[in-house]
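Excluded from the calculations below are hydrogen atoms, water molecules and symmetry mates; all remaining heavy atoms, backbone and side chain alike, are included. Chain naming here is simple, since letters A, B, ... match the order of the sequence lines and numbering starts at 1 in each. Fair warning: this is a prediction, and the values are worked out from it, not measured in the lab.
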Amino acid sequence: MTEEVNEPNERLDFIRQIVADDRASGKWDKRTHTRFPPEPNGYLHIGHAKSICLNFGIAAEFGGKCNLRFDDTNPCKEEQEYVDSITDDVKWLGWDFGDEPLFASDYFQQMYDWAVDLIKKGKAYVCDLTAEETRDYRGTLKEPGKNSPCRDRSPEENLDLFTRMKNGEFPDGSRTLKAKIDMASPNINLRDPVMYRILHAHHHRAGDGWCVYPMYDWAHGLEDSIEGITHSICTLEFENHRPLYDWFLDALDIYHPQQIEFARLNLTYTVMSKRKLLELVKDNHVSGWDDPRMPTLSGLRRRGFSPEAIRAFCKIISVNKFNSTIDYALLEHCLRQHLNKTSPRVMAVLDPLKVVITNYPEGQTDELDAVNNPEDESAGTRKVPFSKVLYIEREDFMEEPPKKFFRLAPGREVRLRYAYFITCTDVIKDDAGNIVELHCTYDPETRGGDAPDGRRVKATLHWVSDEHALDAEVRLYDHLFTLENPDNVEEGTHFTENINPDSLKVLTGCKIEPSVKDATSLDRFQFERIGYFCTDKDSEPEKLVFNKTVGLKDTWAKVQKQQQKKK
RNA sequence: UGGGGUAUAGUGUAACGGUAGCACGACUGACUCUGGAUCAGUUAGUUGGGGUUCGAAUCCCUGUACCCCAGCCA
């Protein structure tokens, strides 16, 4: 007996409820077998993660299995590059699909044989109508279609024609194999749907062995049946296809899984359709499928998202049957929650302002103890070097501080984290009046960050020692679109018109503490008081590059906004 | 009346005839060597209208709104 991992008290979504009920009733011999069946014609995105976590999650929770199966039935749109990226993404998310993914193209012969069965049963026929004629014969949403003149061909003739289709005797588009169902059905999918089309095309896996390729509706249930899938979970737009899914399996009288539909994921401030994502890439609105602003899994990975965060997100959003749009802030919440627990802290100054500690000895260096992660004691501590010339964040100083600004200002004392209390004594400006340097004094008694006399400061600043600092490039990101729902634009407006012009900001000359010297690609950090960052794939030891994953919550920024509103 | 679906705070999501709960967001406050984290609190909801019932988000009737379908795409 396999152990049920689902806690009995945990509320089940409607799909898990079906699975649980089926197990209770013994419907599938206590088996649970799902599948994630992407077409390899693009990169996976966060919406796919919802489906992946659903299918693999159910399998894991109920002691079943989940297949990664490529639905590669259309050679014109599919490429090996996509197979590879999809496989990598599913692995990265942390799901186990056995040694190798499965491919629908491996079932082509079996599908062909079944099509022959249907022809023999008089349930399928070869049709000579062109694509355009087929459309005319299909009728409209409100009017029935009419029968194809080829509909009453004998099984023998159909068999002969279908064999010759397969043998490559006919040009592309000249004939199709159709299911003989009902041209007057109110469900258009049932009006003699095409099962096979002629395509003299090279298949990325099957090579040139085939010139007839199965259509989705014909192929998909067969694939599920072959693999012994119990619950075939797909998105809402396939609800209308379910009767056809069932019809084929019944006509063939073979093992018959249950198709269940759920609503796909929508997220604010981004687009999720493959077409639009492809356009963003092709027209260079982003640098590629893995641009850190993209909602693709490769983009999120490069941005610094952890698989744990994405899985937590997918769990929390649950599944349902109606279209909803999830607030991007919820994704960020899941991200921060995981990153906060796991990211080593580091001090980095993005917009450096030079600070000279006038009473600190020239040439001297202090090694101060810093906590690597206050949320995780086992992460330990590290040494951070302190010296006479330092950098602080430019926005951490104001010559004329407004109310509620607690940071450094002339005459004010603050703490440098893990180091000393300092007091600003002089503000040095260039001829144009720009602040170029601050002179401060430090209190040696406060070494480590605490004053023996118990005096308090209102702010603690992060800082980096000039002499020891590493230079880095830091890339800041914002939403790719300015609109909450970039899909929903006025007619005549193209969705790319709402791309956020400030979605990428590149900072150079940032100063980072020396401990990150050996950071490698995708290492994640928290830059204290700023946000979570990861090393980019462009990063090299000689030229560090970091991506901002997500900012820390920033109450000062909120206060500032409110103050600006008042003015 | 083409057919198929769906409606619960700003956004998501529970409640399966018996106190409308949770999370995110927003707003207070406490604490803090990250204006982080944490903790406490406030805010706000059953698509409209009828019924059945001691009792309805839930059952019935009837409106309304939104989504999907006329690829030889998936």
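- If you check distances only, the side chain of Arg11(A) never reaches the base of U13(B) with a donor-acceptor pair under 3.5 Å.
- Residue Glu143(A) is classed as having no contact, given no heavy-atom separation below 4.0 Å to the nucleic acid.
- Applying the 4.0 Å criterion to OP1 and OP2 of A37(B), one finds that Lys553(A) has a side-chain N or O inside that range.
- Contact annotation: Lys558(A) reaches the phosphate of A26(B) (side-chain N/O to OP1 or OP2, under 4.0 Å).
- For the P atoms, the distance from U8(B) to G4(B) is 22 Å, rounded to whole Å.
- Using a 4.0 Å heavy-atom criterion, one finds that Tyr418(A) contacts the bases of the nucleic acid, with or without backbone contacts as well.
- The side chain of Thr140(A) approaches A70(B) more closely than any other nucleotide in the set A70(B), G35(B), C72(B).
- Counting atom types as modelled, Gln560(A) pairs no side-chain N or O with a base atom of G35(B) as donor and acceptor under 3.5 Å.
- For Arg336(A), no side-chain nitrogen or oxygen approaches OP1 or OP2 of A37(B) to under 4.0 Å.
- Nucleic acid contact for His241(A): base, since at least one base atom lies under 4.0 Å from a heavy atom of the residue.
- Residue Thr325(A) is classed as a sugar-phosphate contact, given heavy-atom separations below 4.0 Å to backbone atoms only.
- Nearest to the side chain of Arg417(A), among C73(B), U34(B), C67(B), sits U34(B).
- The phosphate of G12(B) has neither OP1 nor OP2 within less than 4.0 Å of any side-chain N or O from Ser318(A).
- With respect to the salt-bridge test (charged N to carboxylate O, under 4.0 angstrom), the residues Asp192(A) and Arg151(A) qualify.
- Here the separation of U11(B) from G18(B), taken at their C1' atoms, is 29 Å to the nearest Å.
- Contact annotation for Tyr137(A): no contact, since no heavy-atom pair falls under 4.0 Å across all strands.
- If you find the closest nucleotide of RNA chain B to Ile326(A) and to Asn187(A), the one lying nearer the 5' end belongs to Asn187(A).
- Rounded to whole Å, the C1' atom of U62(B) lies 15 Å from the corresponding atom of U52(B).
- Of the nucleotides present, G51(B) is the one that pairs with C59(B) by Watson-Crick or G-U wobble criteria, both distances under 3.5 Å.
- Counting non-hydrogen atoms under 4.0 angstrom, Glu528(A) reaches a base of the nucleic acid.
- Salt bridge absent: Lys548(A) and Asp478(A) never bring a charged side-chain N and a carboxylate O closer than 4.0 Å.
- Under a cutoff of 6.0 Å and an axis angle of 45°, Lys146(A) and Tyr137(A) form a cation-pi pair.
- More than 12 heavy-atom neighbours from other residues, nucleotides or ligands sit within 6.0 angstrom of CD on Glu367(A).
- Set against C16(B), U34(B), A70(B), the side chain of Gln17(A) has C16(B) as its closest nucleotide.
- One donor-acceptor pair, N or O on each side, does fall under 3.5 Å between the base of G35(B) and the side chain of Arg407(A).
- Using Watson-Crick or G-U wobble geometry with both donor-acceptor distances under 3.5 Å, C27(B) finds its partner in G41(B).
- Of the listed nucleotides (C69(B), C72(B), C73(B)), C69(B) has the atom at the smallest distance from the side chain of Asn189(A).
- The side chain of Ser324(A) lies closest to U13(B), out of U13(B), C27(B), G36(B).
- When heavy atoms are screened at a 4.0 angstrom cut-off, Pro214(A) is found touching the sugar-phosphate backbone but no base atom.
- Closest to the side chain of Lys142(A), from the set G2(B), G4(B), A74(B), is G2(B).
- Nucleotide G21(B) is matched to U13(B) when pairs are restricted to Watson-Crick or G-U wobble geometry with both distances under 3.5 angstrom.
- No option in Arg311(A), His338(A), Arg524(A) other than His338(A) meets the side-chain hydrogen bond (donor to acceptor under 3.5 Å, both in side chains) test with Ser306(A).
- Nearest to the side chain of Asn340(A), among A37(B), G35(B), G5(B), sits A37(B).
- OP1 and OP2 of G5(B) both lie 4.0 Å or more from every side-chain N or O belonging to Arg264(A).
- With a 3.5 Å ceiling on both atom-pair distances, U8(B) lacks any Watson-Crick or G-U wobble partner.
- Contact annotation for Asn320(A): backbone-only contact, meaning every heavy-atom pair under 4.0 Å involves sugar-phosphate atoms and none involves a base.
- Nucleotide A74(B) holds its C1' atom 14 Å from the CG atom of Leu44(A), rounded to whole Å.
- Residue order along RNA chain B, read from the 5' end via each residue's closest nucleotide, puts Val319(A) first among Ala557(A) and Val319(A).
- A30(B) sits 13 Å from G36(B) when the P atoms are compared, rounded to a whole Å.
- Rounded to the nearest Å, the gap between the P atom of A9(B) and that of A44(B) is 14 Å.
- Residue contacts shown for Leu141(A) include a base, since a base heavy atom lies under 4.0 Å away.
- Between the C1' atoms of G10(B) and C27(B), the separation comes to 13 Å (whole Å).
- As judged by a 4.0 angstrom heavy-atom cut-off over every strand, Pro37(A) is placed among residues making no nucleic acid contact.
- Thr134(A) has no side-chain polar atom (N or O) that falls below the 4.0 Å cut-off from OP1 or OP2 of G71(B).
- Side-chain nitrogen and oxygen atoms of His462(A) include none within less than 4.0 Å of the OP1 or OP2 phosphate oxygen of U34(B).
- One N or O donor and one acceptor, one from the side chain of Asn240(A) and one from the base of G3(B), sit under 3.5 Å apart.
- Taking the syn range as angles within 90° of 0, the glycosidic angle of G50(B) is outside it, so the base is anti.
- As rounded to the nearest Å, A7(B) and G12(B) have P atoms that lie 13 Å from one another.
- Relative to the side chain of Asn74(A), the nucleotides C27(B), C73(B), U13(B) differ in distance, and C73(B) lies closest.
- At a threshold of 4.0 angstrom between heavy atoms, the contacts of Arg456(A) are confined to the sugar-phosphate backbone, with no base atom among them.
- Across all strands shown, U34(B) forms no Watson-Crick or G-U wobble pair with both key distances under 3.5 Å.
- Relative to the ring axis of Phe421(A), Arg415(A) does not place its NZ or CZ within 45° and under 6.0 Å from the centre.
- With 3.5 Å as the limit, one finds a donor-acceptor pair spanning the side chains of Glu227(A) and Tyr107(A).
- As rounded to the nearest Å, U58(B) and U19(B) have C1' atoms that lie 16 Å from one another.
- Around CZ of Arg205(A), the count of heavy atoms belonging to other residues, nucleotides or ligands within 6.0 Å exceeds 12.
- Summarising the local packing, NZ of Lys321(A) is surrounded by more than 12 heavy atoms from other residues, nucleotides or ligands at distances under 6.0 Å.
- Counting any heavy atom pair closer than 4.0 Å across all strands shown, Tyr196(A) reaches no nucleic acid atom.
- At a threshold of 4.0 angstrom between heavy atoms, the contacts of Thr130(A) include nucleobase atoms, whether or not backbone atoms are also involved.
- Under a 4.0 Å N-O distance rule, the pair Arg407(A)/Glu393(A) does not qualify as a salt bridge.
- Of the candidates A23(B), A74(B), G35(B), A23(B) carries the atom nearest the Leu330(A) side chain, counting heavy atoms from C-beta on.
- Ring-base stacking between Phe322(A) and A7(B) is not satisfied when judged by a centre separation under 5.5 Å and a plane angle under 30°.
- Within 4.0 Å (heavy atoms only), Arg345(A) reaches at least one base atom of the nucleic acid.
- Of the candidate nucleotides G35(B), A70(B), G3(B), A70(B) has the atom nearest to the side chain of Arg138(A).
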